[in-house]
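Quick note: residue numbers are just sequence positions, from 1. Everything numeric in this text was worked out from a predicted model, so none of it was measured.
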Amino acid sequence: MGRAGILFSHVAKAAAKLVEDGKNPTVDNVREALGSTGSKSTIAPMLKRWKAEHAEDVVEAELGVPAELLHAIKGVYDKLQGDVQQQLADANAAHQAALQAATDRADQLIADNRTLADTNGALSAELKQAKDALARLQTEQQALNVTMATVQSDNAGLQQRLTDRAAEIAALNQQLTQSRVQFEHYQEATARQRSEERQAAEQRITRLEQELASAQRQMAAQQATIGQQEAQITRLTEENMRLQEAARHDQEQATATRTERDQLTYQLQETASARRQLQEHLDATEQALTEARMALAGQEKETKLLTERLAQTEQKLGALEQERVALLTQKAELQAFLANQTKAEKEVTRKR
C-alpha cells in the first residue's frame with residue numbers, strides 16, 4: 001500500500017518530467033521520481049492511465065524517436081499497407097476472372113464429355129450387337145467342328161455327308177465374311193450419319209440464332225405497341241372514371257326512385273291486406289245472408305206455426321239487409337280505392 005497523499009496528478013507530473021529528461025516513464029522510475037514513496041500497485045494504474053492519454057510522448061521516450069519522424073514512418077507504413085491491399089485486390093480480381101474462365105471451360109468440357117459419352121454408348125451398343133453375332137457364329141463354327149470330328153471318325157460310309165458338311169462350312173464361312181463386310185459398312189454408314197447429324201445440328205443452331213434475332217426485333221416492335229396501348233389505356237381509364245361518376249349519379253337517382261317505389265309497394269301491400277280482410281268479411285256476410293235466406297225459406301213453410309219467430313226473423317233479416325247495404329257500399333268504395341291503386345301502380349311501372 002502506498003503512503004497517503006499519492007495522487008494521479010503527482011504520478012502524471014513525475015512521468016512528464018521523466019519524458020522531458022528523455023527517460024522511459026516506468027513504474028520504478030516514477031516511484032524514484034516521487035522520492036521512493038508509494039507502492040507499485042498504487043502507481044501502476046495511475047501511470048497506465050497517463051500513458052493512455054500521452055501515448056505519443058511515451059512511444060518517443062521508449063524508442064528515442066521524435067514524434068514527427070514517428071508520424072512519417074506511420075504514414076509510409078499506411079501507404080505501403082494500402083498498396084499491398086490494392087495489389088491483393090487486383091490479384092484477387094485476376095484470380096476470380098481466371099477461376100471463372102476455368103469454370104466455364106470445365107462446364108464446356110463436361111458438356112463435350114457427355115456428348116462423347118452418349119456417342120460412345122451408342123457405339124458400344126452397336127459393338128455389343130456385333131460381338132453377339134460373332135459369338136453366335138463362333139458357336140455354330142464349334143458345333144460344325146464337332147460334327148466334322150464325328151464325320152471323320154465315321155469316315156467309312158459317310159464320305160458324302162462329310163462333303164455336305166464341308167459345303168455347309170464353306171457357306172457359313174462366306175456368311176461370316178459377308179457379316180464382317182456388312183459390319184464394316186455399317187460402321188462407315190454410322191460415321192457418315194454422325195457427321196450429317198452434326199452438320200444438321202450446326203445448321204439448326206444457325207437457324208435458331210436467326211430466329212432469336214427476328215424475335216428480338218419483334219419484341220422491340222411489340223414494346224413500342226405496348227407503349228401506345230398504355231397511353232390508350234390511360235385515356236380509357238380517365239373516360240372510365242368519368243363514366244363511373246355519371247353511373248354513380250344515376251345510381252343515386254335510382255336509389256331514390258327505388259325508395260319511393262318501396263314506399264308505394266308497402267302501401268299497396270297494406271291496401272291489399274285491407275282488401276283481403278274486407279273480402280273475407282263480405283264473404284262471411286254473404287254466407288250468413290245465404291244461410292238466413294235458406295232459414296227464411298224454411299220458415300215460410302211454417303209461417304202459420306211460427307208467426308212470432310217469423311216477426312223476429314224479419315227484424316233480423318232487415319238488420320242483415322242494412323248491413324249488406326253497408327257492406328256493398330264499402331265494397332264499392334274499396335273497388336274505387338283499388339282502381340286508384342292499380343292506376344298508381346301502372347304509373348310507377350311506367351316511370352321505371
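Under the 4.5 Å side-chain heavy-atom criterion for ILVMFWY residues, no single connected hydrophobic cluster contains both Leu123 and Leu127. Phe337 and Leu328 fall into different hydrophobic clusters, where Ile, Leu, Val, Met, Phe, Trp and Tyr residues are linked whenever their side-chain heavy atoms come under 4.5 Å apart, directly or through other members.
Ion pairing between a basic and an acidic side chain is recognised when a charged N comes within 4.0 Å of a carboxylate O; Glu238 and Arg235 show no such pairing. Of the charged side-chain nitrogens involved, none lies within less than 4.0 Å of a carboxylate oxygen, so that Glu280 and Arg276 do not count as a salt-bridged pair. Looking at Glu347 and Arg350, a side-chain N of the basic residue comes within less than 4.0 Å of a carboxylate O on the acidic one, giving a salt bridge. The residues Lys128 and Asp132 are annotated as salt-bridged, a charged nitrogen and a carboxylate oxygen being separated by less than 4.0 angstrom. Between Lys17 and Asp21 there is a salt bridge, since at least one side-chain N of the basic residue sits less than 4.0 Å from a carboxylate O of the acidic one.
The closest side-chain donor-acceptor pair between Gln279 and Asp283 falls under 3.5 angstrom. For the residue pair Thr42/Ser39, the side-chain donor-acceptor check at 3.5 Å is satisfied. Defined by atom type and a distance below 3.5 Å, a donor-acceptor pair is present between the side-chain atoms of Asp104 and Gln100.
Rounding to the nearest 0.5 angstrom, the gap separating the CD atom in Glu197 from the CZ atom in Arg192 is 13.0 Å. Here the straight-line distance linking atom CG of Asp28 with atom CD1 of Ile43 works out to 9.0 Å at 0.5 Å rounding. To the nearest 0.5 Å, atom CZ of residue Arg324 and atom CD of residue Gln322 are 13.0 Å apart. Remark: Leu137 CG to Gln142 CD distance equals 11.5 Å, nearest 0.5 Å. Interatomic distance, CD of Glu230 versus CD of Gln223, reported as 10.0 Å (0.5 Å rounding).
Residues passing the side-chain contact (heavy atoms from CB on, under 4.5 Å) test with Leu338, sequence neighbours excluded: Thr271, Arg275, Leu334. Partners of Thr103 according to the side-chain contact (heavy atoms from CB on, under 4.5 Å) rule, which considers only residues two or more places apart in sequence or in another chain, are Leu99, Asp107. Residues meeting the side-chain contact (heavy atoms from CB on, under 4.5 Å) test with Leu327, sequence neighbours left out: His281, Leu282, Thr285, Glu323, Gln330.
Counting non-hydrogen atoms of other residues, nucleotides and ligands closer than 6.0 Å to CD of Glu32 gives a total of 12 or fewer.
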Start with the C-alpha distance between Arg31 and Thr37, add both sets of side-chain angles, then the distance that settles side-chain contact (heavy atoms from CB on, under 4.5 Å), and finish with yes or no.
-> CA-CA 6 Å; Arg31 186 172 184 277; Thr37 60; over 6 Å; no

